[in-house]
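In what follows, chains are A, B, ... by sequence order, proteins preceding strands, each numbered from 1. Nothing here was measured: the structure is a model prediction, and the numbers come from that model.
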Amino acid sequence: MTSYRFAVSVMPKEGILDPQGRAVEQSLPHLEITSVRDVRVGRRVELTVEAEAEPKARATVERLAGELFSNPLIERWAVDPIDKAAAPDGPQEAGVAGDGR
Amino acid sequence: MTSYRFAVSVMPKEGILDPQGRAVEQSLPHLEITSVRDVRVGRRVELTVEAEAEPKARATVERLAGELFSNPLIERWAVDPIDKAAAPDGPQEAGVAGDGR
Amino acid sequence: MTAVREAPTVPAAASGGPGAPGLHRSLGLTDGELEAIRDRLGRDPNELELAMFSVMWSEHCSYKSSKTLLRELPTTGEGVLAGPGENAGAVSIGDGLAVVFKLESHNHPSAVEPYQGAATGVGGILRDVFTMGARPICVLDALKFGDPAEPRTRHLVRDVVRGIGGYGNCIGIPTVGGELVFDASYRDNPLVNVMAAGLVEERRLVHARADRPGDLVVLYGSATGRDGIGGASVLASASFGEGETSKRPSVQVGDPFMGKLILEVSLELVERGLVEGLQDLGAGGITCATSEAADRAGTGISLDLDAVPRRELGMAAFEVMISESQERMLAIVSPDRLAEVEDVCGRWAVPVAVIGRVTADGEIRVISGGIETDGSPAPGGRIVARIPAAALASEAIVYRRLASPPPRRRAAPAPGAPVVPSDSLPERGTDPGAVLLALLASPNLGSRAWLTTQYDATVGADTVEASEGGAAVLRVHGMRKGLVLATDACASIAARDPWLGTATAVAECARNVAVTGARPLGVTNCLNFGDPEAPEAFWQLSEAVRGLGDACRALGLPVTGGNVSLYNESPSGRIAPTAQIGVVGLLEDVDRRVGPAFRAEGDVVGLLGEATPGLAGSRYAELAGSAPEDGPPPIDLAREAALLRLLPLCADAGLLSSAQDVSGGGLAVALAECAIWGSLGARVELGVGAAPAVELFGESPGRVLVTANPSRWGRLQQIAAEHDVPLGRLGTVGGDRLRIVLVGQGATGAAEDRGAGVADEIDRPVADLRRAWELALPSALGEEEG
Amino acid sequence: MRVGVVVFPGSNCDRDALEAARLSGAEAIPLWHEEPDLRGSELVVLPGGFAYGDYLRAGVIARFSPIMGAIREHAARGGLVLGICNGFQVLAEAGLVPGALLRNATLRFEHRWVRLSVERRDTPFTRAVPEGRTLRMPVAHGEGRYWLPEADFDELEARRGVVFRYAPPEGNPNGSARDVAGVIDAGGRVCGLMPHPERASEVLLGSDDGMLLFRSLIEGAAETVAAERDPIEVTSR
Ligand SMILES: Nc1ncnc2c1ncn2[C@@H]1O[C@H](COP(=O)(O)OP(=O)(O)O)[C@@H](O)[C@H]1O
Ligand SMILES: [Mg+2]
């Protein structure tokens with residue numbers, strides 16, 4: 001058995017009102033930011049699966065993404081592998097990360 | 001000016017109790033899933049920035065990630081570019097995506 | 001104007017031409033309805049017009065199946081300031097103030113997306129209240145689900161409750177009461193009914209009318225997106241090619257933050273006298289709001305389609321016209337007040353746009369390309385739809401549906417037919433104390449704390465009692481007065497006899513208000529029924545409306561509004577006929593209110609009213625099964641009316657220490673609840689007939705459990721006698737156990753059956769009763785902790 | 001004493017707070033979030049509600065509101081600030097009091113009547129509370145689980161920064177670390193708590209214990225007003 005870690009992204013579907021995104025957009029002028037638009041706020045779930053092989057692990061995650069983490073009527077999801085070595089508990093391996101301190 | 005779209009991932013820091021993640025773990029047996037552990041639930045924010053060049057756009061996003069989208073005491077963040085051509089409004093370019101149908 | 005008249009139909013290019021053959025059917029209109037539309041227009045409708053008709057002639061907006069029935073309801077009475085036909089009812093409470101209230105359903109949206117469905121349900125009913133100019137003061141939610149043991153039900157319960165709280169808590173209106181009922185018939189069709197009440201100065205009451213031609217039609221709140229266009233999305237596929245419909249979201253998402261903003265904006269506009277009329281946008285969106293506001297006043301409205309702020313690019317005219325995007329309001333504004341209206345909206349950062357003009361010609365005209373101040377198209381503008389407002393609203397099609405009772409009814413006994421002593425009523429041979437514990441631990445009777453703790457019940461600092469007891473009590477801010485609210489349905493009785501079930505629900509709801517000492521002021525209701533085209537379902541509906549009318553007339557209560565939700569069916573069946581009733585009452589002095597909890601050792605326990613036979617439809621029968629030949633208990637509406645008069649007098653005279661309506665679980669459960677809430681026991685003697693379950697657990701209406709200081713008992717007897725209400729002395733409050741000793745004919749039967757040595761009485765520590773009652777809901781939902 | 005109650009667009013306890021302040025004898029005025037002017041308020045109350053819908057995280061967007069600059073300056077000058085529920089979340093997000101308020105451990109919104117033990121009676125917020133008295137008032141929040149890294153927590157306790165804790169019999173409704181219900185800043189002038197004293201303002205509503213806080217502030221201020229007028233160094237932020 002091997003451990004695989006994945007991230008599931010769940011975002012409001014196109015056309016579905018996203019009040020959080022709208023609230024964020026409206027607050028940006030207070031931060032003196034005017035160059036940002038189309039803000040959408042969703043969820044990110046990270047989890048580890050034990051399986052014999054990656055496809056099997058992924059299948060489990062995809063099932064969870066569709067059945068537990070999202071409502072298909074209003075949300076879309078995507079599954080991505082997380083490179084454990086790079087950032088075991090950080091949000092993601094790629095990109096610039098910070099703990100803000 | 002060019003448009004750049006990014007995803008910001010915000011996850012609870014290591015050591016912070018994440019009751020949402022735990023609740024997910026506890027619901028898994030009902031779905032007859034036993035191979036999943038270490039579930040953490042966080043946020044994902046997608047947004048578009050207008051800027052002259054990518055580094056400038058990214059700087060804006062990083063500022064937002066650190067000041068608005070996350071609380072440094074309890075959360076970590078990461079910024080990733082989203083490839084617009086691939087999935088303009090979908091959750092992410094990579095990985096398997098579904099709208100659950 | 002002449003140009004308009006010369007354009008009887010809309011150019012094909014505007015909207016894809018006259019509807020393709022059969023298009024009306026995919027929009028849910030029948031061939032007959034298409035004919036009726038042609039009749040009213042004197043021509044073929046184009047696609048946009050067809051879409052507008054399809055939403056306005058839907059059951060939801062037109063009440064086409066229920067209208068003829070609802071006409072029979074008593075709707076007038078002392079103090080009624082607004083009745084059915086307005087966004088919500090309004091009744092005077094004196095001192096120049098009025099209470100505004102209404103009940104509404106959000107069943108189908110909640111079945112699909114429970115969180116958002118419930119949340120937008122709260123948003124919608126609150127809008128109905130503040131559209132009248134009233135500041136909402138509270139919300140009550142009446143929820144009906146299937147078996148709580150099923151995972152799907154648990155998920156629905158959890159998300160619906162989160163949704164109600166998510167909206168109500170955020171917008172800051174306390175959720176103070178409601179109902180939670182489990183019954184198998186709601187398995188695939190849960191009911192989410194929400195009631196709200198508000199307060200307004202009578203002189204500021206606003207009506208949803210567009211009276212004055214030349215006034216501006218102003219839209220404020222959220223931008224218009226493609227929300228809730230569901231069925232009409234066939235038009236999108238017709239216009240944009242197949243395959244895209246799956247992308248059309250029909251789920252509406254609520255934004256309580258915007259809800260709060262438009263609430264504050266609306267009240268400020270009303271307060272400052274800046275609006276001539278207000279109408280919220282709900283089902284039917286802009287089409288419904290404009291046609292109803294115009295039709296009520298006999299005017300018309302010209303709409304500037306391009307002026308409607310949109311959330312998305314490329315929206316078709318029909319999408320803009322029928323979108324159900326939440327958190328939008330329509331105001332009728334005199335042109336010289338526009339600047340101030342824009343100013344108020346600006347301060348709350350609420351988008352606002354002038355989207356049309358009131359006209360004199362009685363037509364709803366949708367114009368693309370801009371309008372002139374008289375409502376005609378600007379140069380280059382085109383009329384893309386043109387329909388008499390009345391054809392969309394008051395003159396929409398109406399049906400007289402076929403009603404026929406179910407065949408089995410003929411075999412059923414008359415209501416209240418006496419139970420034969422020799423029947424196999426299951427309490428014979430069972431320990432009544434165990435039955436009481438089982439009832440308290442059942443999901444329908446246990447404590448609602450699991451749910452009520454998820455609702456903010458104290459925001460606003462006017463909540464005197466959130467209603468664990470049966471009715472909620474709120475102080476009228478800055479006054480001694482109190483408002484009392486309750487909502488009830490008796491679907492398990494209505495399933496056997498819809499007339500009786502509905503009348504019983506009205507009586508029970510009013511009684512719940514009156515036990516606090518309040519005088520009931522009016523009734524609102526939400527009729528949740530099946531497919532009106534099925535004769536049996538329509539019979540249920542018509543019997544229920546008859547029961548509603550009869551009960552309200554007998555109790556002297558006006559029906560001030562309500563809502564009808566039909567087609568509550570699924571492949572697994574039709575829901576139990578559910579007439580959800582809401583009653584609002586007035587306490588002249590909130591300090592004189594009577595609570596349900598036992599108050600003092602030594603108080604006399606008494607029962608107003610008498611038990612009558614009939615266990616069918618009771619919680620006891622649900623638990624134990626009832627004899628097949630048994631019927632539900634009958635109702636004595638004259639007795640109910642007497643109670644409603646008597647109880648406020650007793651409260652005013654300070655005669656009562658506590659009062660509690662006897663309903664679910666019968667007298668035994670009522671005693672247990674009063675003991676639990678008061679943390680005080682009691683010892684009572686109960687006379688029982690041949691079937692002790694009737695007195696112990698039967699739910700016959702017209703009864704109130706009271707306690708009084710012994711010194712006041714004589715006066716209480718006197719005043720009860722004056723009102724011709726029997727008052728029996730049962731025992732005394734005290735100790736930490738509830739002891740119910742049975743006397744009379746049926747008292748020994750059970751003991752005999754079980755053999756000697758078993759006491760035929762209930763004797764349990766209040767702490768045990770409390771534990772059973774508190775664990776009921778968490779354990780039914782699989783959430784017991786620790 | 002003049003009490004300013006901040007009104008964010010989504011505040012919903014602002015009227016309750018205004019009323020409670022008036023009931024205890026203060027002059028209370030609303031302060032609109034867009035105007036960076038406290039209009040002479042000696043005590044600023046950040047009331048409960050959902051300031052900006054509380055999307056993302058409770059209190060985070062409000063922190064960037066124009067009035068917050070004025071509140072920081074007020075606090076830096078030693079002015080009194082009370083954050084209730086959402087107001088506490090805003091203060092924590094703004095760093096004016098230590099800690100963070102996380103989603104309740106129950107994952108549910110919790111509306112309950114709780115009891116508070118008052119850990120300190122020597123603050124301007126609690127001086128009218130009789131010794132040994134616990135306070136009954138409601139909580140109503142979804143994100144009220146107080147959290148601080150352990151090391152910082154010890155420091156907080158060492159300087160007696162915890163003012164209120166949830167007490168039996170009802171106990172801790174949200175899983176807050178060390179039962180913390182309310183804290184005070186190092187200067188002892190900025191206090192945040194999750195429960196709602198302004199709703200416990202009359203016996204009719206279930207309790208008037210909350211008035212002890214308002215009375216502490218308002219009566220106390222009358223006594224110390226002279227001292228506060230003394231020139232104090234103004235630290236800019
Ligand atoms: N069962 C009912 N009893 C009395 N009045 C009703 C009933 N159902 C609907 N009404 C009235 O019909 C009118 C239209 O209702 P509805 O379409 O639900 O209004 P809205 O769109 O404002 O929510 C309202 O005035 C409502 O009070
Ligand atoms: Mg309405």
Side-chain angles (χ1 to χ4, degrees), chain A residues 1 5-7 9-11 13-14 21 24 27-28 31 33 35-51 57-58 60-73 75-81 87-101, chain B residues 1 5-7 9-11 13-14 21 24 27-28 31 33 35-51 57-58 60-73 75-81 87-101:
Chain A
M1 292 297 241
R5 194 155 175 88
F6 293 92
S9 308
V10 178
M11 298 298 294
K13 267 194 185 173
E14 191 178 357
V24 169
S27 72
L28 294 175
L31 284 128
I33 290 180
S35 55
V36 169
R37 58 183 170 76
D38 296 340
V39 181
R40 308 283 279 174
V41 181
R43 271 189 308 283
R44 177 182 167 98
V45 184
E46 296 185 0
L47 70 183
T48 298
V49 195
E50 300 287 338
R58 187 184 273 273
T60 302
V61 179
E62 284 172 11
R63 198 185 135 208
L64 282 173
E67 287 180 26
L68 191 64
F69 300 154
S70 69
N71 177 346
L73 281 173
E75 292 164 327
R76 290 166 165 273
W77 53 266
V79 171
D80 290 283
D89 272 275
Q92 199 163 314
E93 77 288 7
V96 173
D99 69 356
R101 279 170 194 266
Chain B
M1 290 298 240
R5 193 155 177 87
F6 294 92
S9 306
V10 178
M11 298 300 293
K13 271 192 185 170
E14 199 175 352
V24 169
S27 69
L28 294 175
L31 286 147
I33 291 179
S35 54
V36 169
R37 57 183 171 76
D38 296 340
V39 182
R40 308 283 282 173
V41 180
R43 249 189 318 278
R44 177 183 168 96
V45 183
E46 296 184 1
L47 72 181
T48 298
V49 194
E50 302 284 338
R58 187 182 274 275
T60 303
V61 179
E62 285 172 9
R63 196 186 135 208
L64 280 174
E67 287 183 25
L68 187 64
F69 300 155
S70 70
N71 178 342
L73 200 58
E75 291 163 328
R76 289 167 166 276
W77 54 267
V79 170
D80 290 284
D89 273 276
Q92 200 159 315
E93 78 286 6
V96 172
D99 67 355
R101 281 170 197 266

Pairs of heavy atoms under 4.5 Å with chain A: top-ranked of B:Val61, B:Leu68, B:Val49, B:Thr60:
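Ranked by contacts with chain A, first place is B:Val49.
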
Test of understanding: with side-chain contact (heavy atoms from CB on, under 4.5 Å), list the residues that count as partners of A:Glu50, not counting sequence neighbours.
A:Met1, A:Ser3, B:Ser35, B:Arg37

Could you tell me which non-hydrogen atom of A:Asp38 sits nearest to which non-hydrogen atom of B:Arg5, and how far apart they are?
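Closest approach of A:Asp38 to B:Arg5, heavy atoms only: O-NH1, 2.9 Å.
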
Does the pair A:Leu64 and B:Leu28 meet the rule for a side chain to side chain contact (heavy atoms under 4.5 Å, CB included), with working shown?
CA-CA 9 Å; A:Leu64 282 173; B:Leu28 294 175; 3.4 Å; yes

Heavy-atom distance under 4.5 Å to chain B: side chain of A:Leu31, backbone, both or neither?
both

Taking the side chain as everything from C-beta on, heavy atoms only, tell me whether [X] gets closer than 4.5 Å to [Y].
X       : Y       : result
B:Met11 : A:Arg44 : yes
B:Phe69 : A:Val24 : yes
A:Val41 : B:Arg43 : yes

Report the C-alpha separation of A:Val39 and B:Val45 in whole Å, then their side-chain angles, then the decisive distance to 0.1 Å, and conclude whether the side chain to side chain contact (heavy atoms under 4.5 Å, CB included) test is met.
CA-CA 7 Å; A:Val39 181; B:Val45 183; 3.8 Å; yes

Atom pair CD (A:Glu67) and CD1 (B:Ile33), whose distance is rounded to the nearest 0.5 Å
7.5 Å

